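One structure is given below, encoded as structure tokens.
Only this structure's heavy atoms are used, side chains among them; waters, hydrogens and symmetry mates stay out. Only a predicted model underlies this, so the values are computations on that prediction, with no experimental measurement involved.
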Amino acid sequence: MSPLPIVNAPARRIGLPALLLAALAVTGCATVDEYLPTLRSFGVYKLDINQGNYLSQDMVDKLKVGMTKPQVRTVLGTPLLTPIFRDNRWDYLYEYQRQGKVIEHRQFTVYFAEDKVARWEGDEMPQSMVDVNRIAVDKALKHIPSAEDKGFLDKILDIFRGGESK
């Protein structure tokens, strides 16, 4: 029977941190998939998916108690769900998925009594698209240089000419 091989000290120094790193990686499997690409994600592209009715706050603000079903359909669009056995309720659902993960989920319900709007409830709706676009433009275009602004080269030439640069 041959004696067991003796592992030298440098191999032990490398092996222990590698073992600890592997143990740490295995214990955090749920978070590793979120922050690091896995073999499953290479070569697989998942489409961004918008499903349901996109409602904005300005659409909801147009609702009034006593509106008829055709009027509600004009304001909010066709509901995603109309229960067969409860025709006094319309459900508007919206869900946005990016790369297979739900980013946004909203639900809005309109209740009818005698085919007229009695009440509504649901999640907080986003601003109108006009307001969202206006905010995006303001962020993107903070300062637009005008034709009157001097360029860098003109400012340097003014210094050499003895003129005042702005």
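- With rounding to the nearest 0.5 angstrom, the CZ atom of R89 is 4.5 Å from the OG1 atom of T109.
- Proximity of a side-chain donor or acceptor of N88 to a complementary backbone N or O of Y111 within less than 3.5 Å is not detected.
- Here the CG-CG distance, from L81 to N53, works out to 9.0 Å after rounding to the nearest 0.5 Å.
- Residue D123 comes nearest to H105 through the heavy atom pair OD2-O, 3.8 Å, listed as atom of the first residue, atom of the second, then distance.
- The distance from atom OH of Y54 to atom CE of M59, rounded to the nearest 0.5 Å, is 9.5 Å.
- Rounding to the nearest 0.5 Å places CZ of R98 at 5.0 Å from CG of D48.
- Among all heavy-atom pairs drawn from Q107 and D91, the shortest one is NE2-OD1, 4.3 Å.
- A118 approaches V65 most closely through the heavy-atom pair O-CG2, 3.8 Å.
- When all heavy atoms are compared, the tightest approach of K69 to D87 is NZ-O, 2.7 Å.
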Dump the intermediate steps for side chain to side chain contact (heavy atoms under 4.5 Å, CB included) on Q51 and Y96, then the final yes or no. CA-CA 6 Å; Q51 287 185 317; Y96 175 65; over 6 Å; no
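- Once rounded to the nearest 0.5 Å, the distance linking CG of L63 with CG of L76 reads 4.5 Å.
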Output, in order, the C-alpha distance, side-chain angles, deciding distance and verdict of side chain to side chain contact (heavy atoms under 4.5 Å, CB included) for V110 and Y92. CA-CA 8 Å; V110 179; Y92 293 87; 4.1 Å; yes
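- A salt bridge links D158 with R161: at least one charged nitrogen is closer than 4.0 Å to a carboxylate oxygen.
- Across V60 and W120, no two heavy atoms sit closer than the pair CG1-NE1, 4.0 Å.
- Taking both residues in full, the closest heavy atoms of V117 and V72 are given as CG2-CG2, 3.3 Å, listed atom of the first, atom of the second, then distance.
- Remark: E124 CD is loosely packed, at most 12 non-hydrogen atoms of other residues, nucleotides or ligands lying under 6.0 Å away.
- By the rule that hydrophobic residues join a cluster once side-chain heavy atoms approach within less than 4.5 Å of another member, M125 and M67 end up as members of one cluster.
- Summarising the geometry, atom CG belonging to L80 is positioned 13.0 Å from atom CH2 belonging to W90; distances are rounded to the nearest 0.5 Å.
- The closest donor-acceptor contact from the side chain of Y94 to the backbone of F108 lies at 3.5 Å or more, if one exists at all.
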